[in-house]
Amino acid sequence: MGYDHLEIEKKWQRYWQQNKTFKATAKPGQKKYYALDMFPYPSGQGLHVGHPEGYTATDAMARFKRMQGYNVLHPMGFDAFGLPAEQYALKTGHNPKGFTNQNIDHFRDQIQSLGFSYDWDREVNTTDPKYYKWTQWIFEQLYKKGLAYEDEIMVNWAPDFMGGTVVANEEVIDGKTERGGYPVYRVPMRQWVLKITAYADRLIDDLDLVDWPESVKEMQRNWIGRSVGAAVYFKVAGQEDKQIEVFTTRCDTLFGASYVTLAPELDLVDEITTPEQKAAVKAYQEAASRRSDLERTDLNKDKTGVFTGAYAINPVNGAKLPIWISDYVLASYGTGAVMAVPAHDERDWEFAKKFDLPIKRVLVGGDLIEGAYTGDGEHVNSAFLDGLTIEAAKTKMLEWLEANGAGQKKVNYRLRDWIFSRQRYWGEPIPVIHWDDGTTSLVPEDELPLTLPDTDDIKPSGTGESPLANIEEWVNVYDENGRHGLRDTNTMPQWAGSSWYWLRYTDPTNEQAFASKEALEYWSPVDLYVGGAEHAVLHLLYARFWHKFLYDLGVVPTPEPFMKLVNQGMILGSNHEKMSKSKGNVVNPDDIVAEYGADTLRLYEMFMGPLEESVPWDEKGLHGANKWVHRVWRLLIDENNHLRDRVSTINDGKLDKVYHQTVKKVTADYERLHFNTAISQLMVFVNEAYKVDDLPVEYMEGLVKMISPLMPHVAEELWQKLGHEETITYQAWPTYDESKLVEANVEMIVQVNGKVRAKLKMPKDADQATAEQMALADEHVQKFTTGKEIKKVIVIPNRIVNIVVK
RNA sequence: GCGGAUAUGGCGGAAUUGGCAGACGCGCUAGAUUUAGAUUCUAGUGUCCUUGUGACGUGAAGGUUCGAAUCCUUUUAUCCGCACCA
């Protein structure tokens, strides 16, 4: 009878649960390690093989760190507000709560079947009022600090989506909703907005504090899009009370400005347009407003625009510049106005060519017939800037602008404030009351959580408001003086609950605070955070924003939440394509666990390749992983399920070197999350162990410990068979002896002109002369050296001898 | 268009500092065990040829170096992100 995964995995999962083996308790004085997974949205489809990849990596780290003496926090929870549940509710007329909780139970069962060492007493669920009480509390603190405000803004209105809802910019793809593909229109609406832009600089600068993939940092920097430049003020000729503020990163080219361009949507356009141009401007504005963003960018190779009839005065030389409108200038970026320098900006150059506007060179270099010159060079035709290069000219121009009140240094961001309201039922209600007298107030903190009304009557309101608007007994409120008001019917976006959950895990049942100061100080920050690359910007930016806000309030101890971030790669279908139902290449982890066991799945997913890379699923590879699980078992256990006689205290020394090498490599590789190479080293060790007669019990215990982070069930069972009663979870990690790795003789490579010609045993640390002499004396080497002049001999001790001949 | 990443046998991948390219696994070939299959065990497995003590070989082309998968320049392909951001 061999290894029976069904019986053994169930046995140890039960043991861990009954003994609360992984319960984490803050122990001041003991070093801690916080290993975190991005918590899942519990979809109706259940777990996907992609989920266990990241989960196994953090779990292996958690188990490894426990054995190294760390007090480990390794929690799991559910990000359970979200669209599918709401859609289900609208379709079936049931409350999404029951459906969501069912899905959570299913997910939890699936996750538990994989043997992860989570402390389930710390499970969080974003839809639990005890949890979202604190999501609402954080919103209220933002409101009190002026970082949550209502504004009439252009939003993405999707009237056919969910009975009409507003979606965030990032949820719009090619003018359609990311989910469902419904058309999106830009309309003004009153929305809750969070002032994430107030944190723009710190969100960029503090990226230097964390150990994250460079690609993610770069994406965040680009998303925030900080650009340093200048605001320059242009007076409108003949209307001296009117001023146009432009933003430029190239104030050094101000002498080369030949016209000014405004976004067609600007109010100022109507004020300055001359009567003769009114009709043309009006027509252009209408045409532009009808074009979607897509048409204004992707599809638009050709520049369009209309002259307003008005002129602006260049503050630096008094030149009269025509004012145009064009949709290549975006109202949403900067001030919606640019000074056009066609000689040194490609867009301006194209526009000037098309409308035959003057192109004035102010920098030496390039050919202005061909296109704009954007490189560096000496300035010309620029009065006090002549002879300077770009950087020096910028500084000097800024000084001039400031001294003359014509402009100043300015920083601009691409990042916009975060539209925070959704017109949905299944989200955290925004705890705000709008009174009939026009005032607005927060739901008092001691009345939180403001819970969702428990109703099956969830229908679109039809007005653009959420289904909550239909529920009169919830919406209508009266204060102690009988004053009537209406609750805000907006709910928060799904990002809200996930913007602080790692803090809640540190103290998940606290009713006085979102977490105690002691718990936060002990467990913060998260040491390792693993999740998909799709969250590189949004989740991670919002999470950092909230964390920093709480840091400023003095309620969390670190400026950044996640010290090390790793994006696991995708597991592709066996056809190298992304797994999807329509392609029929989806693998269900339940089937793998049933057939091969969780240990095999875990081992295979970690052996497939580097954690960060996307790798195709391979049934044969999975089978190979299973073979190795059995191979380890058989190494130690005989056909009668007893420990083999070969495992004893006898050590003939044959495994010394490879064992110590293995401990060294596996320890270092686990530390770097290089599980695939750690596993390959363990395979090498097992292969060697099969070749010898005596298996020292010390080494076998070391082996079982080293496989335990990856294959915990089989490791527990083997540990028990080795005669131990306690779980392997808290056993000390094996150590290695550096002296066992070195031998008296080393093999040195002898090259002639860089080509390997011999491999010679030499005494360790043989000096240069000895090594050279031995190499030259070698018979085979001589075949390549005789009759040739030896120019040089390079000796790298204990490694290589390279003989250069001619 | 801009930015980032990747490219190594039939496949997944390894090579921590510029020092034996292809560890480990899959697959394949041959043999052993087995009634047979599965399993297990042993040996072999980059390409080429004149089978050697050989030549070539890390997307392509150059370069630096005694020595390059690794460093530099150019280039191609794929993936990801952004995209008239002034």
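This one's a predicted model, so the numbers in the text were calculated from it and none came from an experiment. To find a chain, count down the sequence lines: A is the first, B the second, and so on, and within it residues start at 1.
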Visitor: How are the rings of A:Y596 and A:H623 set relative to one another: parallel (under 30°), tilted (30 to 60°) or perpendicular (over 60°)?
Guide: perpendicular
Visitor: Flag the pair A:E688 and A:K654 as a salt bridge only when some basic side-chain nitrogen lies within less than 4.0 angstrom of an acidic carboxylate oxygen.
Guide: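 Salt bridge between A:E688 and A:K654, a charged N being under 4.0 Å from a carboxylate O: no.
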Visitor: Take atom NZ of A:K791 and atom C1' of B:rU65, then tell me their distance rounded to the nearest Å.
Guide: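 The answer, rounded to whole Å, is 16 Å.
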Visitor: When you compare B:rA23 with B:rA43, how far apart are their P atoms, in angstrom units rounded to a whole number?
Guide: 15 Å
Visitor: Considering only the C1' atoms, how many Å lie between B:rG13 and B:rG52, rounded to the nearest integer?
Guide: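 Here B:rG13 and B:rG52 have their C1' atoms 31 Å from each other.
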Visitor: Which nucleotide sits closest to the side chain of A:T249: B:rC66, B:rU16, B:rA86?
Guide: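 Closest nucleotide among those given: B:rA86.
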Visitor: Return the set of residues passing ring-ring contact (aromatic ring centres under 6.0 Å, His included) with A:Y604 (not counting sequence neighbours), or none when no residue passes.
Guide: A:W617
Visitor: Could I get the full list of salt bridge (Lys or Arg N to Asp or Glu O under 4.0 Å) partners for A:R361, not counting sequence neighbours?
Guide: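 A:R361 satisfies salt bridge (Lys or Arg N to Asp or Glu O under 4.0 Å) with no residue once adjacent residues are dropped.
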Visitor: Find the distance A:I796:CD1 to B:rU65:P and express it as a whole number of Å.
Guide: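 The answer, rounded to whole Å, is 17 Å.
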Visitor: Which residues pass the ring-ring contact (aromatic ring centres under 6.0 Å, His included) test with A:F247, sequence neighbours left out?
Guide: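 Expected list: none.
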Visitor: Let's test your reading of the model: under 3.5 Å, does the base of B:rC84 pair with the side chain of A:K303 as donor and acceptor?
Guide: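 A donor-acceptor contact between them is present.
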Visitor: Using the P atom as the point on both nucleotides, what is the distance between B:rC82 and B:rG63, in whole Å?
Guide: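 B:rG63 and B:rC82 have their P atoms separated by 40 Å.
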Visitor: Starting at the 5' end of RNA chain B, which residue's closest nucleotide do you reach first, A:T248 or A:K665?
Guide: A:K665
Visitor: Write down the distance between CZ (A:R226) and C1' (B:rC82), rounded to a whole number of angstrom.
Guide: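 In whole Å, B:rC82 C1' and A:R226 CZ are 18 Å from each other.
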Visitor: Can you tell me how far C1' of B:rC82 sits from CZ of A:R221, to the nearest Å?
Guide: 15 Å
Visitor: Give the stems involving RNA chain B, where a stem is 3 or more consecutive Watson-Crick or G-U wobble pairs (i with j, i+1 with j-1, and so on) under 3.5 Å.
Guide: B:1-7 with B:76-82, B:10-12 with B:24-26, B:27-32 with B:40-45, B:46-48 with B:54-56, B:59-63 with B:71-75
Visitor: Are the side chains of A:I794 and A:V801 in touch, meaning some heavy atoms are under 4.5 Å apart?
Guide: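 Side chain of A:I794 against side chain of A:V801, heavy atoms only: no contact under 4.5 Å found.
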Visitor: Can you list the residues that meet the side-chain hydrogen bond (donor to acceptor under 3.5 Å, both in side chains) rule with A:D201, with sequence neighbours excluded?
Guide: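 Once residues adjacent in sequence are excluded, the partners of A:D201 under the side-chain hydrogen bond (donor to acceptor under 3.5 Å, both in side chains) criterion are A:R226, A:Y413.
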Visitor: Suppose we screen for side-chain hydrogen bond (donor to acceptor under 3.5 Å, both in side chains). Which residues come up paired with A:E613, at least two apart in sequence or across chains?
Guide: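 A:E613: no side-chain hydrogen bond (donor to acceptor under 3.5 Å, both in side chains) contacts found.
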Visitor: Determine the interatomic distance between P on B:rG57 and the same-named atom on B:rG9; round to the nearest Å.
Guide: 14 Å
Visitor: Can a side chain N or O of A:R414 be found less than 4.0 Å away from OP1 or OP2 on B:rA83?
Guide: yes
Visitor: Using side-chain heavy atoms (C-beta onward) and a distance below 4.5 Å, is A:Q751 in contact with A:I803?
Guide: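 A:Q751 vs A:I803: side chains apart.
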Visitor: Under the rule for side-chain hydrogen bond (donor to acceptor under 3.5 Å, both in side chains), what residues qualify as partners of A:H539, not counting sequence neighbours?
Guide: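 With sequence neighbours excluded, A:H539 shows a side-chain hydrogen bond (donor to acceptor under 3.5 Å, both in side chains) to A:Y529, given in chain and number order.
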Visitor: For A:D618, give me all partners under salt bridge (Lys or Arg N to Asp or Glu O under 4.0 Å), at least two apart in sequence or on another chain.
Guide: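 Result, salt bridge (Lys or Arg N to Asp or Glu O under 4.0 Å) vs A:D618: none returned.
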Visitor: Any base atoms under 4.0 Å from A:P213, or only sugar-phosphate, or nothing? Heavy atoms, all strands.
Guide: nothing
Visitor: Quick check: on RNA chain B, is the nucleotide nearest A:D345 upstream (toward 5') of the one nearest A:N753, or the reverse? Name the residue that is more 5'.
Guide: A:N753
Visitor: Would you mind telling me which of B:rC82, B:rU16, B:rA86 lies closest to the side-chain atoms of A:V338?
Guide: B:rA86
Visitor: Please report, rounded to the nearest Å, how far the P atom of B:rU6 is from the CG atom of A:N567.
Guide: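 Value for this atom pair: 14 Å.
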Visitor: Considering only the C1' atoms, how many Å lie between B:rG67 and B:rG19, rounded to the nearest integer?
Guide: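 Here B:rG67 and B:rG19 have their C1' atoms 7 Å from each other.
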Visitor: If I take atom CD in residue A:E214 and atom C1' in nucleotide B:rG81, what distance separates them, rounded to the nearest angstrom?
Guide: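 For the pair A:E214 CD and B:rG81 C1', the rounded distance is 14 Å.
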Visitor: Which whole number of Å gives the distance between the C1' atom of B:rU58 and that of B:rA21?
Guide: 7 Å
Visitor: Give me the distance, rounded to whole Å, that separates B:rU78 from B:rG25 when you measure between the C1' atoms they each carry.
Guide: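 Result for the C1' pair: 25 Å, nearest Å.
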Visitor: A:I794 has a side chain; which of B:rC82, B:rG19, B:rA86 sits nearest to it?
Guide: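 Looking only at heavy atoms from C-beta outward on A:I794, the closest nucleotide is B:rG19.
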Visitor: Do nucleotides 21-33 of chain B as a string where each nucleotide becomes B, S or -: B if the base has a protein heavy atom under 4.0 Å, S if just the sugar-phosphate does, - if no protein is that close.
Guide: --BBSSS------
Visitor: When the P atoms of B:rU70 and B:rG31 are compared, how many Å lie between them, rounded to an integer?
Guide: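 Their P atoms lie roughly 42 Å apart.
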Visitor: Let's see if you can work this out: which of B:rG19, B:rG12, B:rU16 has an atom nearest to the side-chain heavy atoms of A:R799?
Guide: B:rG19
Visitor: Kindly determine whether A:D252 and A:H379 satisfy side-chain hydrogen bond (donor to acceptor under 3.5 Å, both in side chains), including the steps that lead there.
Guide: CA-CA 8 Å; A:D252 61 298; A:H379 284 70; 2.8 Å; yes
Visitor: Based on the glycosidic angle (syn within 90° of 0, else anti), state the conformation of B:rG62.
Guide: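 Anti, which is what one calls it when the glycosidic angle falls more than 90° from 0.
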Visitor: Just how far, in rounded Å, is P of B:rG12 from OH of A:Y604?
Guide: 11 Å
Visitor: For the pair made of NZ in A:K792 and P in B:rU65, what is the distance, rounded to whole Å?
Guide: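 These atoms are roughly 10 Å apart.
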Visitor: Closest approach to the side chain of A:R672, judged atom by atom: which nucleotide of B:rU16, B:rC66, B:rC84 is it?
Guide: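 The nucleotide sitting nearest to the side chain is B:rU16.
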Visitor: Quick one: which of B:rU40, B:rG19, B:rA86 gets closest to the side chain of A:R634?
Guide: B:rU40
